[in-house]
Engineer: 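Have a look at this one before I ask anything.
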2 protein chains.
Amino acid sequence: MTVTAIAYHRAMGRWEPNARGRLAQAAIRLYAEQGFERTTVAQIARQAGLTERTFFRHFADKREVLFYGTDLARELLARAVAEAPASAGPMDAVAAALHAAAAVFQENPERVRLRDAVVSANAELRERELIKLAAFASAIAGALRERGVPEPAAGLAAETGVAVLKTAFTRWIGEPDGPDLDHILRECLRDLSGMLADRLADQGSPG
Amino acid sequence: MTVTAIAYHRAMGRWEPNARGRLAQAAIRLYAEQGFERTTVAQIARQAGLTERTFFRHFADKREVLFYGTDLARELLARAVAEAPASAGPMDAVAAALHAAAAVFQENPERVRLRDAVVSANAELRERELIKLAAFASAIAGALRERGVPEPAAGLAAETGVAVLKTAFTRWIGEPDGPDLDHILRECLRDLSGMLADRLADQGSPG
DNA sequence: ATGCTGACGACAGTCACTGACATCAGGAGG
DNA sequence: CCTCCTGATGTCAGTGACTGTCGTCAGCAT
């Protein structure tokens with residue numbers, strides 16, 4: 001469930017045309033070919049015609065190079081929540097954001113799948129993915145609060161939304177010829193509503 | 001939201017009385033005193049009267065030492081789900097598990113808070129925490145499936161449950177003199193039900 | 001042309017983590 | 001009591017991620 005995969009594009013370096021991009025491209029290729037652990041930063045740098053030291057000037061660590069574009073995705077989610085119609089409830093606004101993210105994924109399914117394969121294959125990368133997802137939730141929660149949704153409802157809706165995104169994404173990746181992400185998302189949201197509504201019905205027997 | 005904090009106890013070493021425990025205790029103390037990053041594994045080992053090499057024989061890495069007992073917590077959650085009354089719906093079973101976990105946290109609030117402070121202060125430790133929480137979700141989902149709950153409902157209920165636990169835990173940590181975890185949990189579950197029930201009411205306007 | 005600024009290379013150093021081998025405590029069997 | 005065996009530990013050497021520092025060089029403004 002490497003849901004973080006999103007756009008790979010950015011400004012260029014000053015001398016070389018695009019240092020960051022070259023490093024990122026070299027990295028994902030090498031990670032995919034020989035595995036994350038068996039790839040050294042020196043290899044990536046050499047592949048991109050740069051030095052190891054320069055790699056670490058562009059990326060905080062060896063993992064971060066795979067999470068390029070995460071900032072953009074976070075902004076996208078927050079914006080979608082903010083731009084949801086005023087009449088929409090918290091969970092509707094979150095749903096809108098999830099569908100916006102889904103659209104980006106579906107723009108380039110092959111790259112998303114490649115990245116997912118690399119990230120899923122390594123525990124350290126899965127950890128980093130989770131942090132990014134938590135950042136998504138945090139951004140969504142912030143946007144909800146801007147809409148006047150109080151805590152803990154905002155945080156709860158955001159966390160739940162990300163949980164739904166993860167679940168739907170995993171399902172989508174799992175069946176390449178299955179329905180599209182939008183459809184799966186809607187289905188998951190409906191299932192969840194149902195479960196919780198059931199629970200609401202007979203209240204007060206929690207522990 | 002370092003929800004992973006749970007029991008610290010285990011078998012003893014053969015020569016020295018309790019190598020694992022001594023290492024864990026030294027580690028958390030040093031991490032709390034001088035920070036995680038400024039503490040070297042050699043320091044921890046020396047403090048415990050052992051060598052660096054031995055530290056890595058007991059813990060997979062420098063972070064893992066703070067996540068002692070996570071396995072027990074995972075089993076606790078799974079068992080609570082399994083032992084929920086047959087009449088309980090998926091979300092009720094999950095709620096029961098969350099309350100079981102809450103009970104363990106409340107057994108020793110000081111230690112939980114100390115650990116939370118250490119983990120929250122460091123990004124790498126927060127990453128590890130998220131992985132453990134994901135493992136919790138996975139265990140809960142498995143237990144739900146054993147109860148006959150189909151996918152994606154099982155995964156969804158599990159993820160949502162962990163999201164609720166995180167939210168409630170954060171709130172609990174945030175106000176030391178506030179209501180107890182059980183109470184906050186119940187409140188969060190109610191809020192979430194409400195939000196999703198509202199959304200269920202006017203269906204079909206997702207994105 | 002000259003100086004400034006920011007990106008890069010070169011180099012040395014720290015530390016997390018690993019593999020290989022020696023060693024030593026204690027229990028099982030004589 | 002002695003001996004073998006097993007498992008936990010110490011020792012040593014090595015890899016690789018990451019950092020600090022300094023020199024250098026391209027492009028820009030003056």
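Hydrogens, waters and symmetry mates are skipped; everything else that's a heavy atom, side chains included, is used. A note on names: the letters A, B, ... follow the listed sequences, proteins ahead of strands, and every chain is numbered from 1.
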Engineer: In the 5'-to-3' direction, what one-character label does each nucleotide of nucleotides 13-20 of chain C receive under the scheme B = base within less than 4.0 Å of a protein heavy atom, S = sugar-phosphate only, - = no such atom?
Structural biologist: ---SBBBB
Engineer: With rounding to the nearest 0.5 Å, note down the distance linking NZ in B:K62 to OG1 in B:T40.
Structural biologist: 7.0 Å
Engineer: Could you tell me the separation between the CG atom of A:L30 and the P atom of D:dA17, rounded to a whole number of Å?
Structural biologist: 12 Å
Engineer: How many angstroms lie between CG in B:N18 and CG in B:L23, if you round to the nearest 0.5 Å?
Structural biologist: 9.0 Å
Engineer: Quickly work out the A:R128 CZ to D:dA17 P distance and round it to whole Å.
Structural biologist: 14 Å
Engineer: Looking at A:F59 versus A:F67, is the centre-to-centre ring distance below 6.0 Å?
Structural biologist: no
Engineer: Please check the phosphate of C:dA7 (OP1 and OP2 only) for any side-chain N or O of A:T54 closer than 4.0 Å.
Structural biologist: no
Engineer: OP1 or OP2 of C:dC8 less than 4.0 angstrom from a side-chain nitrogen or oxygen of A:H58, does that happen here?
Structural biologist: yes
Engineer: Using ring pair (Phe, Tyr, Trp, His ring centres under 6.0 Å) as the criterion, list what pairs up with B:F56, not counting sequence neighbours.
Structural biologist: none
Engineer: Name every donor-acceptor pair, under 3.5 Å, that has one atom in a side chain of residues 42-54 of chain A and the other anywhere in the protein, sequence neighbours excluded.
Structural biologist:
from: A:Q43; atom 1: OE1; to: A:Q34; atom 2: NE2; distance (Å): 3.3
from: A:T51; atom 1: OG1; to: A:T54; atom 2: OG1; distance (Å): 3.1

Engineer: Are A:E129 and A:R115 within salt-bridge range, i.e. N to O under 4.0 Å?
Structural biologist: yes
Engineer: Send over the distance from A:N18 CG to C:dC8 P, rounded to a whole Å.
Structural biologist: 11 Å
